[in-house]
Amino acid sequence: MSAILKISQLSLCLRYAGISERILRGISLAIDSGEVHGLVGESGAGKSILGQTILDILPRIAVIESGTIDFDGQNLLRLAPTQRRGLLGSEIALIPQDPMTALNPVRRIGQQLADTLVLHLKLNRKDALDRACELLEEVRIKHPRRALRQYPHELSGGMRQRVLIAIAFSCKPRLIVADESTTALDVSVQRQILRLIRELQVSSGTSILFITHDLGVVAKICDRVSIIHSGRILESDAVKRIFSMPEHEYTRALLKATPRYDHGKHQFRPIPKALISTLQLEAKEYDRRIRDSVDA
Amino acid sequence: MTTRYLLNRLLLALPTLFGVVTVVFILLRVVPGDPIAMMTGPGATPEDIQHLRAHYGLDRSLSAQFVIYLGQLAMGDLGTSISLRQDVGELILGRLPVTLELTVFAMLIAIGCGVCLAIVGSYWRSRWPEAIIDSVIGIIVAIPDFLWALAFILILGVVIPVMPIFGRLDLALEYQSYTEFYLIESALRGRFDVTGSVLWHMILPGVALALPLMAVGARVLKSSLNVEMTQDYAALAHTKGFSRLQVILKEALRNALIPAVTLTGVQLTFLIGGTVLIERIFGYPGLGNMAIDAVINRDLPLIQGIIITFAIIFILVNFLIDLINTILNPRLRDG
């Protein structure tokens, strides 16, 4: 299988008030077409920033220092703004984290679904709304006709997340970035939503970069997984392999820190502080090497 | 539910109006100044004065005067002007259209320019256009409307005399109006020479009135636009493939307008109040200009009538702002 997304040596820092802090340190990652790739890390590991870099929604203070993001053979970071916008929504889409805030509170669901259809598929208003209705059926929203005319505050969190999934899949993109897409939902809704995403992904052949801090979610939906810490990918492998024989010490600690109920003898243990400081030291070491190579 | 909410709002306006009537009535009789003394010459005998007092009902007790006044009000009778000896209601209706046309014209300038400035400033966030807009807004906010009026008269009326600075219509033009709404009426009747002249005369007073409202509105709208642009839905809109301008216009603007409309609503009442001075400065024959004459002549019935008219306009403006917010914000429509 060929890679649909190939990130190489991506480094990024946040610059604010003269202080520069490196967030991504030489990230390399490849996602095959049709693959669901998990990106797992703690808060502050840089996983969301990586998603934002792909989607071109970085905060103003973020500066990309080096690296490439090849999507379908073209480097996204080198594209003209209009070309990049042409890919967004049609080829690359987002399933956001918080269904409560990701929909515009003053626009009807139908209008928000129709946006990409009008913009990229050049449908007229009426056809777009008809198509939006079909999309809502596909994500199993009851009474899709009525939902089209409703406002976000009239739907539950799970329903809104379904709408957001419908928006993401509306133009059959080749890559979807799912940024903590099930974190804000309760466990039973989470399971339904994961199943729905998986189903739509299989039928459309879309690749997904699934950003999460939850290894349980990874086990349910991902084919492969990368472990990220301090802006570095520590390990990248098939999910089964990572779960059965993790190579990196941090991955092993992460697995132990995940509560499991299917395993009698499994003991929950927090990640050792010594390991965290070793990782942070390694990150500092990386920054020093970069600085030295620039100075030299 | 919505209609009931709005009806409630209108009903709540009645006590407000009663309060205004009471306060104005009492205040006008507490402050020094005697309308009869203002209208009679130095040669008037005490009998003449007594006779006039009786004629205008000023010889009765304050409470009796108030009850009579309320009774007349309830019948829609605002009394008779002491200085002009005409029916106050008719006087006001003759001047109100003049002021309304000027106010609406100023409002349209303020809202149009304010929204444009806010969008431009937010589009070029943290770049030089925003810096320029911020400083221009700062200057405009700092200067009150009547100073703008004087500056315009000095610069565009005296130093480079290109604009008319007095009156409502070119004196050379003959025009018989039925409704006093010169601008609309003349346009409908095809007298475009009159329409043009009325518009031309409106520009300076209108812009002077509009500037403070425009600046405050632009400032509030721009900062709330900037906040909305950092919201999750704006980021999602960007990942849909919208350009920055599309995100502002299609997604952020309507959300940003909600706080902006509420806050500028307050400023809008300042604009209406501002007509009093501005009309005076430009010799504009509106309600505000008449209000100053009424105060100078201690014309109690006329002052009362004008203030009640302004109060009704304020109440209607606030009601309208509530209505606009309900339209803008679907979350306000239930409950």
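What you see is a predicted model; the values in this text were computed from it and never measured. Protein chains get the first letters and strands the later ones, always in sequence-line order, with residue 1 at the start of each. Any value given below was found using the heavy atoms of this structure, including those in side chains, with hydrogens, waters and symmetry copies removed.
Of the possible donor and acceptor atoms, none in the side chain of B:K240 sits under 3.5 Å from a partner among the backbone N and O of A:I167. Distance alone, capped at 3.5 Å, is enough to place a donor-acceptor pair between the B:R254 side chain and the A:V106 backbone.
Residue A:L119 holds its CG atom at 8.5 Å from OG of B:S243, rounded to the nearest 0.5 Å. The line from OG1 of A:T116 to CZ of B:F242 is 8.0 Å long, rounded to the nearest 0.5 Å.
Proximity to chain B is limited to the side chain of A:R60, based on heavy atoms less than 4.5 angstrom apart. Proximity to chain B is absent for every atom of A:Q52, based on heavy atoms less than 4.5 angstrom apart. Both the backbone and the side chain of A:L55 come within less than 4.5 Å of a heavy atom of chain B. Only the side chain of B:I258 comes within contact range of chain A, judged by heavy atoms closer than 4.5 Å. Only the side chain of A:L164 comes within less than 4.5 Å of a heavy atom in chain B; its backbone stays farther off.
Under a cut-off of 6.0 angstrom, the local environment of CZ in A:R125 is crowded, with over 12 non-hydrogen atoms contributed by other residues, nucleotides or ligands. Within 6.0 Å of atom CD in A:Q74, more than 12 heavy atoms from other residues, nucleotides or ligands are found, so the atom counts as buried in its surroundings. Atom CZ of B:F270 sits in a sparse spot, with 12 or fewer heavy atoms from other residues, nucleotides or ligands closer than 6.0 Å.
Applying side chain to side chain contact (heavy atoms under 4.5 Å, CB included) to A:P96 and the options B:T239, B:L236, B:D232 leaves one that passes, B:L236.
Residues A:Q111 and B:K250 fail the side-chain proximity criterion, which asks for heavy atoms closer than 4.5 Å.
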Practice task
Applying side chain to side chain contact (heavy atoms under 4.5 Å, CB included), run through A:D115 and B:E251 and close with a yes or a no.
Solution key: CA-CA 11 Å; A:D115 283 340; B:E251 304 271 346; 3.5 Å; yes
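Put simply, of A:L103, A:T101, A:V177, the one with the most heavy-atom pairs under 4.5 Å next to chain B is A:T101. Note on B:E228, B:Q231, B:H238, B:Q246: by heavy-atom pairs under 4.5 Å with chain A, the leading option is B:H238.
For B:P330 against A:P105, the heavy-atom pair with the smallest separation is CG-O, 3.4 Å.
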